[in-house]
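Single-structure report; data block below.
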Amino acid sequence: CVSIATKPSSISDNDPRPGLGVLVVEDHPQLRHSLCEGLQACGWKVWAAKDGRVAVDLYSRVRDSIDIVLCDVQMPQLDGPQTLEALQAINLDVKFCFMTGDASSQMLDRLLGRGALCIFIKPFRVKDIASRLRAATRRRPRR
């Protein structure tokens with residue numbers, strides 16, 4: 001079962017564009033590995049970071065290849081919201097989605113207010129994540 005909190009959208013989940021790039025930021029190695037393998041199997045080009053600091057460094061080097069970022073909320077070093085803020089300093093229009101185990105409405109509202117396009121509530125299926133990320137890549141940047 002997947003629970004997803006998103007901003008309202010009329011976008012279809014079907015997208016013929018192959019090879020979109022995603023940066024996966026997750027501090028738990030097993031989940032990071034599973035996400036990377038699953039997203040690759042769904043046709044994504046995947047970059048992985050073990051924390052927010054690595055993500056910011058990686059994004060600054062390969063940002064033209066990354067269409068969207070998928071980031072855990074709670075991590076050591078830079079947490080998810082801090083990582084989003086650092087990436088927005090590099091690219092104000094970065095497309096960003098969070099993953100969290102905290103499904104409280106206050107948490108969800110706070111993350112969406114920071115500029116997240118989607119929030120994926122753990123546990124989830126990678127296939128569902130891949131579909132929603134693909135839809136989110138078509139959204140217009142927020143200014």
Using a 3.5 Å distance criterion without hydrogens, assess whether the side chain of [X] forms a donor-acceptor pair with backbone atoms of [Y].
X	Y	result
Asp79	Val73	no
Arg63	Ile90	yes
Gln88	Arg114	yes
Glu37	Ser34	no

With the threshold set at 4.0 Å, does a side-chain nitrogen-carboxylate oxygen contact exist between Asp72 and Arg32?
->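 Judged by the 4.0 Å cut-off on N to carboxylate O distance, Asp72 and Arg32 do not form a salt bridge.
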Salt bridge flag under 4.0 Å for residues Asp57 and Arg61 |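 Between Arg61 and Asp57 there is a salt bridge, with a charged N closer than 4.0 Å to a carboxylate O.
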At their closest point, which heavy atom of [X] faces which heavy atom of [Y], and how far apart are they?
X	Y	value
Gly21	Trp47	CA-CZ3, 3.8 Å
Asp27	Pro76	OD2-CD, 3.4 Å
Ala48	Leu58	O-CD2, 3.7 Å
Gly52	Val25	N-CG1, 4.1 Å
Pro81	Leu111	CG-CD2, 3.9 Å
Ala55	Leu23	O-CD2, 3.8 Å

CD/Gln74: more than 12 non-hydrogen atoms of other groups inside 6.0 Å =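 Result for CD/Gln74: open.
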Kindly indicate, with the supporting measurements, whether the criterion side chain to side chain contact (heavy atoms under 4.5 Å, CB included) is fulfilled by Leu117 and Leu133.
-> CA-CA 9 Å; Leu117 295 174; Leu133 289 177; over 6 Å; no
Atom pair [atom1] ([X]) and [atom2] ([Y]), whose distance is rounded to the nearest 0.5 Å:
X	Y	atom1	atom2	answer
Leu35	Gln30	CG	CD	11.5 Å
Trp44	Leu70	CH2	CG	9.5 Å
Ser60	Ile66	OG	CD1	9.5 Å
Gln82	Asp51	CD	CG	11.5 Å
Cys97	Arg132	SG	CZ	8.5 Å

Between Lys95 and Asp67, is a side chain to side chain contact (heavy atoms under 4.5 Å, CB included) present by the stated rule, with each step listed?
-> CA-CA 7 Å; Lys95 293 183 178 183; Asp67 297 288; over 6 Å; no
Does [X] belong to the same Ile/Leu/Val/Met/Phe/Trp/Tyr cluster as [Y], with side-chain heavy atoms less than 4.5 Å apart forming each link?
X	Y	result
Val54	Val22	no
Met75	Ile121	yes
Phe124	Ile68	yes

Restricting to pairs with a member in residues 62-110, which pass ring-ring contact (aromatic ring centres under 6.0 Å, His included), not counting sequence neighbours?
->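 Passing the test, one end in residues 62-110: Phe96-Phe98.
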side-chain contact (heavy atoms from CB on, under 4.5 Å) partners of His28, counting only residues at least two apart =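 Partners of His28 by the side-chain contact (heavy atoms from CB on, under 4.5 Å) criterion, ordered by chain and then number, come out as Glu26, Leu31.
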Take Asp102 and Thr100 through the test side-chain hydrogen bond (donor to acceptor under 3.5 Å, both in side chains) and record every step on the way to the result.
-> CA-CA 5 Å; Asp102 181 357; Thr100 185; 5.4 Å; no
